[in-house]
Amino acid sequence: MAEDKDLRQGVIFALAAYTIWGIAPVYFKSVAQVPAFEILVHRIIWSVVFLSLFIGFTGRLGKVVAVFRQPRLLGGLMITALIISLNWLVFIWAVAEGRILETSLGYFVNPLISVFLGMIFLSERLRPMQWLALSFAGLGVLYQLIEFGSLPWVGLVLAFSFGFYGLLRKQLVVEAVPGLFIETLIVLPVGLIALGWMQSEGSLVFGHQSLQTDLLLVAAGLVTTFPLLFFAGAARRLTLSMIGFFQYLAPSITFVLAVFVYEEPLDSSKLVTFGMIWLGLLLFTGESRLARYRQRRQAMETSPADL
């Protein structure tokens, strides 16, 4: 019964996390009148505020202090802080510019990019079907290059930046919440300096437009921290394979929002690109599940209980 309860809670947490990530463009559209860089700065500042409160109430301060006693770990988080800041900035800018479909493409292709990076940097070997899945994604990008003479750079930047972020965070022994808190704390001084500069230039929106806009900018911290907390809860209760199943929910919701709510054009060339990437994901997911099933079956056949 305890396991069933954990499973139900894990599914609820995963649905909450990926649904919030999926509808995030709705929030960023609501502050589209604010420059993307200022939104990024508020996302950093208010994430620090809300995460510090959460860490204080949950007694995780010791884990944060422990990181500052490990220079190598702290240096790694400095790198991931810059990478995730770039990812956030591009996403915010793309939503404001009406390029939500490209952000959806980026997060659809991200799992395949992560596999590719694992092969390059972790010497992980790819099975034939994984190679085929990567090939379809590559063909989708190549088709865009041939059709328009340019790469879908928004999607690629989001996919590669989040892929590298995940790759590096996998090597850093730090929990998700304290890790994000330290990452945002690292870039906080830059954000505060940027706010001061914008104020001096007369370009700062916060405090100069409306109370509604100010409250929405403060909410950037909640948009960042809440899905992370839900995801951390899901990760403790679900297997990696189940979490992997949920990861396609967010870009699917974003795709629907882009096409049916914000009416971004979905022409035949984009459909070809998405179709190839979806086919690659289908092959990748199916092959991964089959491989795990074979491993479990082999383990059961060779377990000591059967000898």
Side-chain angles (χ1 to χ4, degrees), residues 17-44 47 82-114 116 136-166 194 203 205 213 216-217 219-220 223-224 227 247-281:
Y18 284 105
T19 299
I20 293 173
W21 278 326
I23 63 174
V26 176
Y27 164 76
F28 290 109
K29 275 288 189 182
S30 71
V31 289
Q33 74 278 11
V34 182
F37 188 73
E38 184 176 344
I39 298 173
L40 172 65
V41 170
H42 285 288
R43 189 171 189 179
I44 292 168
S47 292
L82 295 176
I83 294 174
I84 198 62
S85 296
L86 171 65
N87 180 276
W88 288 351
L89 180 61
V90 172
F91 182 84
I92 294 166
W93 176 87
V95 170
E97 293 295 316
R99 302 174 74 164
I100 300 175
L101 265 178
E102 292 185 53
T103 70
S104 173
L105 184 147
Y107 287 112
F108 270 125
V109 79
N110 174 251
L112 299 177
I113 295 297
S114 295
F116 175 73
F136 275 112
L139 285 173
V141 173
L142 181 63
Y143 180 81
Q144 285 276 293
L145 178 61
I146 294 172
E147 183 75 10
F148 294 106
S150 62
L151 291 170
W153 69 268
V154 169
L156 291 177
V157 169
L158 291 176
F160 273 97
S161 60
F162 203 72
F164 274 110
Y165 178 76
S203 60
V205 174
T213 300
L216 284 171
L217 290 173
V223 172
T224 303
Q247 70 180 332
Y248 303 123
L249 177 62
S252 298
I253 294 173
T254 302
F255 180 88
V256 171
L257 283 174
V259 176
F260 296 104
V261 176
Y262 297 112
E263 299 181 344
E264 291 189 13
L266 182 63
D267 53 37
S268 59
S269 62
K270 288 181 180 177
L271 271 176
V272 170
T273 298
F274 271 100
M276 288 184 175
I277 290 173
W278 287 334
L279 181 57
L281 285 175

Query - Heavy-atom pair with the smallest gap, counting every atom of Val109 and Ala137 - result: CG2-CB, 4.0 Å
Requested in this report: Could you grab the distance from atom CG of Leu105 to atom CZ of Phe274, nearest 0.5 Å is fine?
Outcome: 4.5 Å
Report task. Give the minimum heavy-atom separation between Arg43 and Ala220, together with the two atoms involved. Result -> CA-CB, 3.8 Å
Report summary line: Between the CG atom in Leu156 and the CG atom in Asn110, the distance rounded to the nearest 0.5 Å is 11.5 Å
Requested in this report: Determine whether Met276 and Val272 make a side-chain contact, defined as any pair of heavy atoms from C-beta on separated by less than 4.5 Å.
Outcome: yes
Report summary line: Closest non-hydrogen atoms of Ala159 and Gly106, given as atom of the first, atom of the second and distance, are CB-O, 3.3 Å
Requested in this report: Provide the closest heavy-atom pair for Ser85 versus Ile44 in the form atom of the first, atom of the second, distance.
Outcome: OG-CD1, 4.4 Å
Report summary line: Tightest non-hydrogen contact, residues Val41 and Ala194, listed as CG2-CB, 4.2 Å
Query raised in the report: Is there side-chain contact between Asn87 and Leu158, with at least one heavy-atom pair below 4.5 Å?
Result: yes
Query raised in the report: With no hydrogens and no angle check, is any side-chain donor or acceptor of Glu38 less than 3.5 Å from a backbone partner on Val205?
Result: yes
Query raised in the report: Taking side chain as C-beta onward, heavy atoms only, is Ser252 less than 4.5 Å from Phe108?
Result: yes
Requested in this report: Mark yes when over 12 heavy atoms from residues, nucleotides or ligands other than Phe116 sit less than 6.0 Å from its CZ; otherwise mark no.
Outcome: no
**Report entry** Donor-acceptor under 3.5 Å (Gln247 side chain, Pro111 main chain)
**Finding:** no
Query raised in the report: Is it true that a side-chain atom of Tyr27 and a backbone atom of Leu216 form a donor plus acceptor pair closer than 3.5 Å?
Result: yes
Query raised in the report: So do the side chains of Tyr248 and Trp278 get within less than 4.5 Å of each other, counting heavy atoms only?
Result: no
Report task. Report yes if the side chains of Leu101 and Phe255 come closer than 4.5 Å at any heavy-atom pair, otherwise no. Result -> yes
Report task. Could you tell me which residues satisfy side chain to side chain contact (heavy atoms under 4.5 Å, CB included) with Glu263, sequence neighbours excluded, listed by chain and number? Result -> none
Report task. Give a yes or no answer on whether the side chain of Thr273 reaches the backbone of Val141 with a donor-acceptor pair at less than 3.5 Å. Result -> no
Query raised in the report: With no hydrogens and no angle check, is any side-chain donor or acceptor of Ser104 less than 3.5 Å from a backbone partner on Pro251?
Result: yes
Report task. Kindly indicate whether the side chain of Ile100, heavy atoms from C-beta on, has any atom under 4.5 Å from the side chain of Lys29. Result -> yes
Query raised in the report: In Å, rounded to the nearest 0.5 Å, how long is the span from CG of Leu86 to CD1 of Ile83?
Result: 8.5 Å
**Report entry** Leu40 side chain reached by Phe91 side chain, heavy atoms, under 4.5 Å
**Finding:** no
Query raised in the report: Around Phe162, counting heavy atoms of other residues, nucleotides and ligands shown, do more than 12 lie under 6.0 Å from its CZ?
Result: no
Requested in this report: Apply the ring-ring contact (aromatic ring centres under 6.0 Å, His included) test between Trp93 and each candidate in Trp153, Phe37, Trp88, Phe28; give the one that qualifies.
Outcome: Trp153
**Report entry** Atom pair OG1 (Thr224) and CD1 (Ile20), whose distance is rounded to the nearest 0.5 Å
**Finding:** 11.0 Å
**Report entry** Close side-chain approach of Val256 and Val261, heavy atoms under 4.5 Å
**Finding:** no
Report summary line: Taking every heavy atom of Glu264 against every heavy atom of Arg99, the minimum-distance pair comes out as OE2-N, 3.4 Å
